[in-house]
Structure formats: structure tokens, C-alpha cells
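Working notes, beginning with the structure itself.
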Amino acid sequence: MTTRVIIVDDQAMVRAGFAALLAAQSDIDVVGDAPDGVQGVELSRRTHPDVVLMDVRMPEMDGLEAARQLLDPPAGVVHRPKVLMLTTFDVDDYVYEALRAGASGFLLKDAPPADLISAVRVVAAGEALLAPSVTRRLIADFARQRPAPRKDRTALRLNGLTPRETEVLELIARGLSNQEIAESLVLAEQTVKTHIGRVLAKLELRDRAQAVIFAYESGLVSPGAH
């Protein structure tokens, strides 16, 4: 199955470079690109991509607002692509907000080409791109900047999890992959996937990205803790 991708970035060289790299993959089809958020949203509505590579800082409309419009569309718009934010270290707070809006993760612009290709495939498959160690540190930094956890609102939802499911949620929030969680808890990887599915369903969360944010904001995981 081919993954349809659009690239939204205000730098023409970045769009061209990413497009050439991705189009060379037999399972990825680049169906368009746009120089700003306004055109990116319009292009997505027209082409219905599976994944949108979205720059954070752009003229006309930044990537955060564009991601919000794509992931929370107006009535009558059914298509909701996966959004993968492209960023640099100086815009981390924007990325946190994008994750809260429903983005599936983020990738540093200077990441190796193989990481970009892998990221598109991971996000297209419905996973959140939250495994790299840099993400673990940045997510903790984002959470540290937020107000104190509202445990009164989230305790009831957390109480609905079994002890094992709570353990799995905590390890997701620390950035562990399914394989790493399986090794940590001495479980089969398929069992871990089952637990993750139950956690997301019980907490009414869309994906791992939302699970990470929930774990920090509920106080289950403390920022900077290991």
C-alpha cells in the first residue's frame, strides 16, 4: 500500500529535497507541496494525503494552526491526515502544542534521510513518533513548563487502568518502544501492543502522543524523572 504525502514548508529547497528523497521510495507517493499553512491546509483538503510533513514556522499561517485545522476540521470535512511536525530546537514549545492538537510527533529538520523515511512510515502506520531519546528529553521539558497537574480531573480515568496497564502507560511516557517495554516488563511484544490498545481505549486517547501528554499532565510521570 502506497503512503500519500504532502510537504508544507516555506523553504523551497527543503520541500524539493524532502520530495526527492521520499518519492524515491517505492511505498511513498509525494502528491504535492505548499509554502505556508494556508496553502497546506487547502492542498490537504484537495489531495487527501495520509501524512502531512508540516514545518512549524511559516508565513500566512504557522504549522501549529495548520495542524489544528487539519486535525480538528470543520463540519462536513471527513479527511484527517496524520501530521508530522518538522522543527528545530528553538521551537520546541510549539511542538508540544502541536502534539496536544493531535500531531503524531515531530522530526528535527537535520535528521538523517533514513530517519525521515522511517518517520513517514511509522506515522502512516498509526504510531506516534516518540521513541528517540531527544524526544524523551524534550517532552519532559514541555511538561515542566506546564501548570501543576490537575489530578482531580484525571484520577478517575487513571483508576480505570489495571496495575499492568498503568506500568505500560508510564513506560510509554518515558519514550520506550514496544520492544523496550516488553523487555522491561518481561512480556511478549504482542502482549504489550494489547495493553497499549486497552490503555488508549480506556483513557479515550487517539495515540501514543496523547498518552505521553496525559501521563505528564495527570502527574503519573514527573518531568525530568527517570
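Owing to the predicted nature of the structure, the values given are computational and were not obtained by experimental measurement. The analysis underlying the following values was restricted to heavy atoms, covering all of them including side chains, and did not include hydrogens, waters or symmetry mates.
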Rounded to the nearest 0.5 Å, how far apart are [atom1] of [X] and [atom2] of [Y]?
X      : Y      : atom1 : atom2 : value
Glu60  : Gln39  : CD    : CD    : 8.0 Å
Glu183 : Asn178 : CD    : CG    : 11.0 Å
Thr3   : Ile117 : OG1   : CD1   : 12.0 Å
Lys109 : Met85  : NZ    : CE    : 10.5 Å
Met61  : Gln69  : CE    : CD    : 4.0 Å
Asp36  : Asp10  : CG    : CG    : 8.5 Å

Search all heavy atoms of [X] against all heavy atoms of [Y] and return the closest pair with its distance.
X      : Y      : value
Leu171 : Ser184 : CD1-OG, 3.9 Å
Ile28  : Thr2   : C-CG2, 4.0 Å
Leu84  : Ala119 : CD2-CB, 3.7 Å
Ala211 : Leu200 : CB-CD2, 4.0 Å
Pro81  : Leu71  : O-CD2, 3.3 Å

[Y] and [X], any side-chain heavy atoms less than 4.5 Å apart:
X      : Y      : value
Ile172 : Ile181 : yes
Asp55  : Val14  : no
Asp115 : Leu108 : no
Thr166 : Glu170 : no
Ser44  : His79  : yes
Leu70  : Met54  : yes
Arg15  : Pro35  : yes

Is a side-chain N or O of [X] found less than 3.5 angstrom from the main chain of [Y], in a donor-acceptor match?
X      : Y      : answer
Glu180 : Ser177 : yes
Ser118 : Ala114 : no
Asp29  : Val31  : no
Arg45  : Val77  : no
Lys82  : Val123 : no

Should Ile7 and Val30 be marked as a side chain to side chain contact (heavy atoms under 4.5 Å, CB included) after you check the CA-CA gap, both sets of side-chain angles, and the distance that decides it? CA-CA 8 Å; Ile7 302 162; Val30 179; 4.2 Å; yes
Per the ring pair (Phe, Tyr, Trp, His ring centres under 6.0 Å) rule, what does the pair list look like for residues 12-37, sequence neighbours excluded?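 For residues 12-37, and leaving out neighbouring residues, there are no ring pair (Phe, Tyr, Trp, His ring centres under 6.0 Å) pairs at all.
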Once side-chain hydrogen bond (donor to acceptor under 3.5 Å, both in side chains) is applied, do any residues pair with Asp50, and if so which ones, sequence neighbours excluded?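 Partners of Asp50 under the side-chain hydrogen bond (donor to acceptor under 3.5 Å, both in side chains) test: none.
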Just to verify, which of Leu116, Val8, Asp9, Leu107 counts as forming a side-chain contact (heavy atoms from CB on, under 4.5 Å) with Leu53?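 Passing option: Leu116.
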What verdict does the side chain to side chain contact (heavy atoms under 4.5 Å, CB included) test give for Arg164 and Leu187, after you've listed the backbone C-alpha separation in whole Å, the side-chain angles of each residue and the deciding distance to 0.1 Å? CA-CA 11 Å; Arg164 178 63 83 190; Leu187 297 171; 4.0 Å; yes
Results of salt bridge (Lys or Arg N to Asp or Glu O under 4.0 Å) for Glu42 - residues two or more places apart only: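 Salt bridge (Lys or Arg N to Asp or Glu O under 4.0 Å) list for Glu42, sorted by chain: Arg46.
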